[in-house]
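We count residues from 1, following the sequence as given.
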Amino acid sequence: MSSRKPSRRDILRATAATGALLAGGGLPAFAEDKPDVELPTGGKGKLTVIQRQEYFEQAQTLFRDTVSSFAKDKKVELDISTTNAESFGDFLGKMTAAVKAGNPPDFAYTSNVSIPQMHTLDLVEDVTDVVAEAEKRYGTIMPGINAAKNAQFDGRWKSIPFIATTTGYFIRGDKLKEKGIDPKSLVTYEDRRAAALAISDAGNKFWGWGLTPNQSGDGFGFLINCIQAFGGHFTDESGMKVTFDSPETRAAVEWLGETYDRNGKYGAMLPPGVESWNDVGNNEAYLAGSIGYTHNAFSIYAQAKRDNNPVFPNIVLLPAPRANNGDSRDGGNTGGWLTIFKGAPNVDLAKQLALDLLDPKNFTPMSKVAGGLFMPAYENLWTDDLIAADPNFAIIKEQVSVTDPFLGESWPAKPNAAIGAIRAQGVVEQMMGNVIAGRMSPGDAVADAHKKIVQIFEEGGIMQ
């Protein structure tokens, strides 16, 4: 990672909430931009823990029960709360203020918060000893989740890998069968868009395309994956030179603009309100049986299975879409991190808690009930018992075992704080909002987004 780091001012600005509407288009810019509840502050004599909100109450309850039992065994007071710690919320700002004030929480379990950003802001303790002990007890970290590239700096770990996940690409097999479409033929985004249109039946309230361009974890993931499939990327391989405005990115945004044009060829496959869905929009629509294809964590699959939803037997799991040139996009990601904050009053206790949460007696029950959302980040936790709990767990293991996984949003560069700030500011989603609302042409929207990315980099001292 380069020594030229984005400034505190830049990263804090990147995490600020706006709640604004995209002017003129009526599309919410930040559909999930809701103020978090006040996060707890740390203090002597109590263990202060923040946990992410889970899609499934049972897994969330098991996590809380494990932490509560740990605190009881250690005879320490516990303050535990939940938060939606998305990168575009105000979690980083609050944690920066808490660390600076000298009263940070001890411990957090989060998902989409950028570890490079937290490291750059000097918010986190060195946890190299904990990761080493976790590997000693539970096996090597799964190679397909890019853990070290996200959380290891100069050989030191700044967060503890907790969960391995992969994105699910779900399509209605029964609808494909009706149209004579072989799921194995759906290799690229173009293939899947054509299939989504073919299976749509708006008259019967069924729409093929269940992917949102709005700011959310799902929206950002889809948009940048699609841009990268066309060959576009934020930076060059160094991670220091902005290269977003390129023929490849423009081609992708033109394709996306065509996809979300309700008056065009693909309008018939767009469900009502898809442009402003948040992270639960596609879950609800898919489980209601009203959309045919979407990307999501395994929450859709898990909930359908748990509730005996009639769509469950018809869910077909597709591999990641290949890039337009045929390149593989296989791999997983570190879906959850355990972080100890700088200056926490109970660092040693927090380290013990991390290892206790990874203990299979605690981790495996959480994993079993979460239907693919809560899979092991360590090789030896992938027990035969766990894999036997669901036929698709073995598929997830294959994805997180890939030895040369795709880098994800930072490709072709390694993850860094500046790229994390792009996501936090919603640059890509705002770009697509401008195109969909007709305020900018695809070319102009890409050029505008490029300028914003350059501004982020230069404010962080990475001059272009």
Should we say atom [atom1] of [X] is surrounded by more than 12 heavy atoms from elsewhere, each under 6.0 Å from it?
{"X": "K305", "atom1": "NZ", "answer": "yes"}
{"X": "E237", "atom1": "CD", "answer": "no"}
{"X": "D404", "atom1": "CG", "answer": "no"}

Flag, side chain of [X] to backbone of [Y], donor-acceptor distance under 3.5 Å:
{"X": "Q464", "Y": "V242", "result": "yes"}
{"X": "D236", "Y": "S238", "result": "yes"}
{"X": "N434", "Y": "R439", "result": "no"}
{"X": "Q399", "Y": "G331", "result": "yes"}
{"X": "S200", "Y": "A202", "result": "no"}
{"X": "T110", "Y": "V113", "result": "no"}

State plainly whether the residues [X] and [Y] are in salt-bridge range, i.e. N to O under 4.0 Å.
{"X": "R423", "Y": "E409", "result": "yes"}
{"X": "E275", "Y": "R262", "result": "yes"}
{"X": "K368", "Y": "D390", "result": "no"}
{"X": "K175", "Y": "D201", "result": "no"}
{"X": "R322", "Y": "D327", "result": "no"}
{"X": "K397", "Y": "E379", "result": "yes"}

Do Y189 and Y169 have ring centres separated by under 6.0 Å?
no
Between F374 and F363, ring centroids under 6.0 Å:
yes
Please list, chain by chain and in numerical order, all residues satisfying salt bridge (charged side-chain N to carboxylate O under 4.0 Å, His left out) with R172, sequence neighbours excluded.
D174
Does either side chain, that of [X] or that of [Y], offer a donor lying less than 3.5 Å from an acceptor on the other one?
{"X": "T249", "Y": "S246", "result": "yes"}
{"X": "N333", "Y": "T165", "result": "yes"}
{"X": "N278", "Y": "N214", "result": "no"}
{"X": "W277", "Y": "E284", "result": "no"}
{"X": "D191", "Y": "T188", "result": "yes"}

Taking the side chain as every heavy atom from C-beta outward, state whether [X] and [Y] have any pair of such atoms under 4.5 Å apart.
{"X": "N416", "Y": "T235", "value": "no"}
{"X": "L62", "Y": "V369", "value": "yes"}
{"X": "M240", "Y": "I462", "value": "yes"}
{"X": "N146", "Y": "P415", "value": "no"}
{"X": "I50", "Y": "M95", "value": "yes"}
{"X": "W337", "Y": "R52", "value": "no"}
{"X": "K451", "Y": "V454", "value": "no"}
{"X": "F206", "Y": "I199", "value": "yes"}

Distance-minimising heavy-atom pair for [X] and [Y]:
{"X": "P313", "Y": "P310", "answer": "CD-O, 3.3 Å"}
{"X": "M432", "Y": "L256", "answer": "CE-CB, 3.5 Å"}
{"X": "G289", "Y": "V311", "answer": "CA-CG1, 4.0 Å"}
{"X": "W207", "Y": "A268", "answer": "CD1-O, 3.4 Å"}
{"X": "A147", "Y": "I141", "answer": "CB-CG2, 3.9 Å"}

Worked check of side chain to side chain contact (heavy atoms under 4.5 Å, CB included) between F298 and T167
CA-CA 7 Å; F298 267 72; T167 299; over 6 Å; no
What is the ring orientation for H119 with F153, classed by angle as parallel under 30°, tilted 30 to 60°, or perpendicular over 60°?
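Plane angle under 30°, so parallel.
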Is the W209 ring parallel, tilted or perpendicular to the Y293 ring (thresholds 30°, 60°)?
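W209 vs Y293 ring planes: tilted.
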List the residues meeting side chain to side chain contact (heavy atoms under 4.5 Å, CB included) with V427, not counting sequence neighbours, and say none if there are none.
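For V427 the side chain to side chain contact (heavy atoms under 4.5 Å, CB included) partners, ignoring immediate neighbours, are I422, Q425, A449, K452, I453, I456.
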Roughly how far apart are I171 CD1 and L176 CG, rounded to 0.5 Å?
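CG of L176 is found 4.5 Å from CD1 of I171.
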Given side-chain hydrogen bond (donor to acceptor under 3.5 Å, both in side chains), test T294 with N296 step by step and report yes or no.
CA-CA 7 Å; T294 196; N296 204 271; 5.5 Å; no
